[in-house]
Structures are given as C-alpha cells and as structure tokens.
A.B. asks: 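This is the structure I want to talk about, given as structure tokens.
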Amino acid sequence: MIDPRKLFLAAVAIAVALGLAACGERDQVTVYKQGKYQGKPDNKPWENDPGASLYTTSKWTPGDKTSWEAALRTRNLAQNEYNRVQ
C-alpha cells in the first residue's frame with residue numbers, strides 16, 4: 001500500500017519541478033554579420049501578384065507599375081467617406 005503522504009510529496013515535487021522548468025528563459029540574442037543583410041530581399045510592390053482578399057478587388061499586372069498605381073488610386077477612392085454612396 002502506498003503511503004498517501006509520500007504520494008502527496010511526490011506530486012508536490014513534480015509540480016515544483018515543472019513550475020521551475022517553465023520559468024526558465026533562454027537568451028534571445030541576434031548575431032549580426034558586419035556588412036551582410038540576413039533578411040529576405042524586398043521586391044517592388046508592383047512586382048508581386050495581387051493577393052487574394054475578401055475586402056479588396058484590386059487587380060494589377062505583376063511588373064506593371066502603372067497598373068499597380070491605378071489599382072491603388074481605385075482602392076483609395078473607396079476609402080474616402082465623402083465619395084461613398086450611403
């Protein structure tokens with residue numbers, strides 16, 4: 001037969017061990033290399049495909065800056081409260 005006090009002490013010991021393990025935090029230091037960009041290279045916004053979205057109908061041809069600018073102008077017109085139909 002297992003002694004209830006030993007069972008209780010074992011449960012407390014496990015709870016304390018798990019509690020202390022959860023409180024640990026590792027250092028999160030980024031090491032930078034001098035003169036080298038380690039991130040993702042940025043593309044021009046008009047070189048990307050128009051994202052599929054429920055909230056906008058903006059469409060442009062990837063790589064065509066003028067069609068991208070026209071899509072932005074069209075989208076901005078819909079955001080003006082004075083021009084919206086109520």
Side-chain angles (χ1 to χ4, degrees):
M1 183 98 184
I2 299 176
D3 185 20
R5 277 190 298 193
K6 286 185 181 180
L7 188 60
F8 176 73
L9 288 175
V12 169
I14 291 173
V16 168
L18 288 175
L20 289 176
C23 291
E25 182 177 347
R26 293 186 214 135
D27 291 335
Q28 299 177 1
V29 178
T30 304
V31 178
Y32 295 102
K33 294 180 183 174
Q34 183 64 26
K36 296 194 178 197
Y37 177 67
Q38 296 176 345
K40 182 184 92 159
D42 293 333
N43 295 334
K44 303 283 188 219
W46 53 85
E47 291 176 356
N48 299 322
D49 289 328
S53 175
L54 298 173
Y55 308 109
T56 181
T57 58
S58 295
K59 300 291 181 203
W60 65 88
T61 308
D64 186 11
K65 183 178 178 181
T66 55
S67 70
W68 176 76
E69 288 174 343
L72 278 183
R73 264 188 248 104
T74 304
R75 187 177 72 190
N76 288 341
L77 287 176
Q79 294 178 352
N80 188 348
E81 294 294 324
Y82 292 110
N83 293 338
R84 289 178 113 173
V85 177
Q86 295 183 8

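For reference, positions follow the sequence shown, starting with 1.
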A.B. asks: With rounding to the nearest 0.5 angstrom, report the CD1 to CG distance, I14 to L9.
C.D. replies: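 Atom-to-atom, I14:CD1 and L9:CG are 11.5 Å apart.
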
A.B. asks: Under 4.5 Å side-chain heavy-atom separation, chaining through any Ile, Leu, Val, Met, Phe, Trp or Tyr, what else clusters with V16? Say none if it is isolated.
C.D. replies: F8, V12, L20

A.B. asks: Minimum heavy-atom separation for D49 to P62, with atom names?
C.D. replies: OD1-CG, 2.9 Å

A.B. asks: If you compare all heavy atoms of S67 against all heavy atoms of T61, which two are closest, and at what distance to 0.1 Å?
C.D. replies: OG-N, 3.2 Å

A.B. asks: Residues two or more places apart in sequence or in another chain: which of them pass side chain to side chain donor-acceptor pair (under 3.5 Å) with T74?
C.D. replies: none

A.B. asks: Mind checking who shares a hydrophobic cluster with W60, ILVMFWY linked at side-chain heavy-atom distances under 4.5 Å?
C.D. replies: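 Besides W60, the cluster holds W46, W68, L72.
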
